[in-house]
Amino acid sequence: MGLLTTILTLPYAPVRAVTAIADILLRQAEEELYSPAGVRRQLEALDEAVTRGELSESERQAAEDEILARLTNR
């Protein structure tokens with residue numbers, strides 16, 4: 001029965017592969033969004049952008065609030 005199932009579902013192998021890759025990418029993205037190290041990098045990037053003059057202090061505060069809200073609403 002296993003061989004027959006394998007043969008019959010072989011055309012769906014690319015779909016299963018794409019789904020598996022999508023699941024891996026989703027897990028990695030969520031880890032980056034919610035991990036303490038990822039959040040720290042995002043906050044440090046905001047501070048560096050303010051130092052370079054790319055963001056105003058109010059824009060930095062708004063972005064920081066968004067990052068922290070994302071963590072609390074998880």
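Keep in mind that this is a model prediction, so the values were computed, not measured.
With sequence neighbours excluded, the residues forming a salt bridge (Lys or Arg N to Asp or Glu O under 4.0 Å) with Arg41 are Glu32, listed by chain and number. Residues that satisfy the side-chain hydrogen bond (donor to acceptor under 3.5 Å, both in side chains) test with Glu66, not counting sequence neighbours, are absent from this structure. Under the side-chain hydrogen bond (donor to acceptor under 3.5 Å, both in side chains) criterion, Thr51 pairs with no residue, sequence neighbours left out. Taking Gln61 as the reference, Glu64, Asp65 meet the side chain to side chain contact (heavy atoms under 4.5 Å, CB included) condition, with sequence neighbours excluded. Looking at residues two or more places apart in sequence or on another chain, you find no side-chain hydrogen bond (donor to acceptor under 3.5 Å, both in side chains) involving Gln28. With sequence neighbours left out, the side chain to side chain contact (heavy atoms under 4.5 Å, CB included) criterion links Ile7 to Leu3. Among residues two or more places apart in sequence or in another chain, the side chain to side chain contact (heavy atoms under 4.5 Å, CB included) test is passed with Ala17 by none. Applying the side chain to side chain contact (heavy atoms under 4.5 Å, CB included) criterion to Ala45, with sequence neighbours excluded, gives no partner residue. Listed by chain and residue number, nothing satisfies the salt bridge (Lys or Arg N to Asp or Glu O under 4.0 Å) test with Glu31 (two or more places apart in sequence, or in another chain).
Taken to the nearest 0.5 Å, the CG atom of Leu43 stands 6.0 Å off from the CG atom of Leu68.
Side chains of Leu33 and Gln42 form a contact here, defined as non-hydrogen atoms less than 4.5 Å apart. Using a 4.5 Å cut-off on side-chain heavy atoms (C-beta onward), Leu26 and Glu30 make contact. In this structure, Ile67 and Leu46 have side chains that are in contact, with non-hydrogen atoms separated by less than 4.5 Å. Counting heavy atoms from C-beta on, the side chains of Tyr34 and Leu71 come closer than 4.5 Å.
By the 4.5 Å side-chain criterion applied to Ile, Leu, Val, Met, Phe, Trp and Tyr, Leu10 is assigned to no cluster and stands alone.
Counting heavy atoms of neighbouring residues, nucleotides and ligands inside a 6.0 Å radius, atom CZ of Arg40 does not exceed 12 of them.
Screening residues 9-27 for side chain to side chain donor-acceptor pair (under 3.5 Å), with sequence neighbours left out, gives no hits.
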